[in-house]
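Notes follow once the structure below has been shown.
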Amino acid sequence: GTFHALSLRFLRRYADALGYPRSFQVIDSDDQKALVKRLLKARNIATDRLHPNYLIGWIEHCKHAGLAPEHGWNGIDMRELYGEYQAQLQQHERMDFSDLILNVVLLMRDHSDIAEALRSRFDHVLVDEYQDTNPIQHEWLLLLCGGHRNLTVVGDDDQSIYGWRGADVSHILEFERHWSGAGLHRLEENYRSSAAILELANAVISENADRHEKVLKATLEQGERPHWQVCNDDYDEARRIAAQLDRWRSHGYPWTEMAILFRSNRQ
């Protein structure tokens with residue numbers, strides 16, 4: 001399961017230790033925004049002074065870091081708003097998505113009997129995409145695996161791209177410091193990409209300042225050499241792609257032989 005799914009299962013059994021009923025509900029983003037808007041309205045705080053999305057993002061950042069709010073902004077006491085937000089959730093027997101992991105950490109921090117019960121359920125723990133874990137997920141694992149220490153993680157520090165939402169690549173870079181005696185196995189054979197693409201990838205990632213040394217090796221043939229361009233912005237990128245497709249079309253390639261890969265539908 002995911003961190004969130006497993007945390008939900010744990011809380012369905014132990015939420016009462018935190019003052020929640022085991023039947024608590026998890027609110028979605030729309031309910032979360034509605035609650036924050038009510039809090040701001042009750043304090044006569046205009047949205048141009050503190051936007052609801054900013055407050056939600058700030059609260060989530062605090063929860064991902066496993067920290068209580070410690071600073072104010074724009075003359076508003078953010079800690080009080082955070083406190084009111086949490087009080088409203090608990091009063092209405094609700095948790096938000098970020099609470100699931102944080103509350104399991106609070107359970108294990110403050111209730112040693114529950115921590116031991118959770119630890120005893122797992123002899124081994126495996127975590128995939130470990131480079132994308134945030135501080136609260138890191139502590140979740142420290143508390144859950146601190147007894148048997150049978151933890152295996154799989155990840156690639158060169159693929160860490162979620163720092164903007166709290167992921168901390170140091171968790172994988174410093175894994176052997178946090179878990180003394182751990183073994184390191186480099187999985188350098190790549191079954192997906194051609195040798196030409198991997199040569200380009202190796203050249204790019206070798207410039208990363210902090211990384212585990214590794215060289216990806218292709219199991220496929222050399223393949224066609226890839227081309228890359230640096231664009232000024234997303235509009236420039238779109239114009240260049242359209243122009244390239246048009247050139248190929250003028251050279252006789254059918255539209256059905258062309259494809260654009262993009263990361264998300266909004267693109």
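Note that the numbering runs from 1 along the sequence shown for the chain.
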Pair His138, Thr133: side-chain N/O donor-acceptor within cut-off below 3.5 Å: no
- prompt: Does the side chain of Thr219 come within less than 4.5 Å of Asn190's, by heavy atoms?
  reply: no
Taken to the nearest 0.5 Å, the spacing of Ile161 CD1 from Gln159 CD works out to 8.0 Å
d(Met95 CE, Leu11 CG) to nearest 0.5 Å is 4.5 Å
Query raised in the report: Is any NZ, NE, NH1 or NH2 atom of the basic residue among Asp132 and Arg165 found under 4.0 Å from an Asp or Glu carboxylate oxygen of the other?
Result: no
If only atom types and distance count, is the side chain of Ser250 paired as donor or acceptor with the main-chain N or O of Arg247 below 3.5 Å? yes
> Should we count CZ of Phe97 as having more than 12 external heavy atoms under 6.0 Å?
Replying inline: no
### Message
One thing to verify: whether Lys217 and Glu188 come together as a salt bridge, which I'm taking to mean a side-chain N less than 4.0 angstrom from a carboxylate O.
### Response
yes
- Message: Could you check whether any side-chain heavy atom of Asp236 comes within less than 4.5 Å of a side-chain heavy atom of Arg240, counting everything from C-beta outward?
- Response: yes
Exercise. So does Phe122 have more than 12 non-hydrogen atoms from other groups sitting under 6.0 Å from CZ?
Worked result: yes
Query - Basic-acidic side-chain contact under 4.0 Å: Glu199, Arg225 - result: no
(Q) So does Ser23 get a backbone contact from the side chain of Gln25, meaning a donor-acceptor N/O pair under 3.5 Å? (A) yes
State whether the number of non-hydrogen atoms from other residues, nucleotides or ligands found under 6.0 Å of Asp210 atom CG is greater than 12. no
| said: Looking only at the side chains, is there a donor atom on one of Asp96 and Tyr85 sitting less than 3.5 Å from an acceptor on the other? | reply: yes
Is there side-chain contact between Ser194 and Ile197, with at least one heavy-atom pair below 4.5 Å? yes
Does the ring of Tyr82 carry Arg79 above it, NZ/CZ under 6.0 angstrom from centre and within 45° of its axis? no
Applying the 4.5 Å side-chain criterion to the ILVMFWY set and letting contacts propagate, would Val204 and Trp228 be lumped into a single cluster?
yes
Checklist entry - Does one hydrophobic cluster hold both Phe3 and Val154, with members joined at side-chain heavy-atom distances below 4.5 Å? => result no
- Message: If hydrophobic clusters are built by linking Ile, Leu, Val, Met, Phe, Trp and Tyr wherever their side-chain heavy atoms come under 4.5 Å apart, do Trp255 and Ile260 end up in the same one?
- Response: yes
Is the shortest distance from a Lys or Arg side-chain nitrogen in Asp31 or Arg94 to a carboxylate oxygen in the other one below 4.0 Å?
no
Would you indicate whether the side-chain heavy atoms of Pro52 and Leu40 approach each other to under 4.5 Å?
-> yes
request  = Verify the neighbour count for atom CZ of Arg149: are there more than 12 heavy atoms of other residues, nucleotides or ligands below 6.0 Å?
outcome  = yes
Would you call Arg119 and Glu116 a salt bridge, taking side-chain N to carboxylate O under 4.0 Å as the test? yes
Sub-4.5 Å side-chain heavy-atom contact between Arg121 and Phe10:
yes
Would you say the side-chain atoms of Ser120 pair up with the backbone N or O of Ala117, donor to acceptor, closer than 3.5 Å?
yes
Worksheet item: Same hydrophobic cluster for Ile205 and Leu200, using side-chain heavy-atom links shorter than 4.5 Å among ILVMFWY?
Response: no
In terms of side-chain heavy atoms, does Lys37 have a donor or acceptor partner in Gln32 at a distance below 3.5 Å?
no
### Check: Arg249 and Met258 side chains under 4.5 Å, non-hydrogen atoms
yes
**Message:** I want to check something: taking the side chain as every heavy atom from C-beta on, are Tyr20 and Gln90 in contact at a cut-off of under 4.5 Å?
**Reply:** yes
To the nearest 0.5 Å, atom CD1 of Ile172 lies from atom NE2 of His212 at 6.5 Å
* Derivation of the salt bridge (charged side-chain N to carboxylate O under 4.0 Å, His left out) call for Glu237 and Arg239 -> CA-CA 6 Å; Glu237 179 185 47; Arg239 282 191 294 267; over 6 Å; no
### Message
Check the orientation of His148 and His124. Use parallel for under 30°, tilted for 30 to 60°, and perpendicular for over 60°.
### Response
tilted
d(His111 NE2, Leu118 CG) to nearest 0.5 Å is 11.5 Å
Rounding to 0.5 Å, atoms OG (Ser170) and NE2 (His178) come to a distance of 5.5 Å
Inset, instruction - For Glu139 and Arg109, run salt bridge (charged side-chain N to carboxylate O under 4.0 Å, His left out): C-alpha distance rounded to whole Å, both residues' side-chain angles, the deciding distance at 0.1 Å, then the answer. - result: CA-CA 10 Å; Glu139 185 174 357; Arg109 278 183 193 169; 2.7 Å; yes
**Request:** Would you check, one step at a time, whether the test salt bridge (charged side-chain N to carboxylate O under 4.0 Å, His left out) holds for Arg43 with Glu80?
**Result:** CA-CA 11 Å; Arg43 283 173 162 255; Glu80 281 190 29; 2.4 Å; yes
Can you confirm whether the side chains of Gln131 and Glu129 place a donor and an acceptor under 3.5 Å from each other? yes
Would the number of heavy atoms belonging to other residues, nucleotides or ligands and lying under 6.0 Å from CZ of Arg186 be above 12?
-> yes
Self-check item: Any donor-acceptor pair under 3.5 Å from Ser193 side chain to Leu198 backbone
Solution: no
With a 4.5 Å cut-off on side-chain heavy-atom distances among I, L, V, M, F, W and Y, is there a chain of contacts connecting Leu106 to Phe24? yes
Between Asn208 and Asp158: side-chain donor-acceptor atoms closer than 3.5 Å = yes
So CG of Asn103 and CE of Met108: to nearest 0.5 Å the spacing works out to 11.5 Å
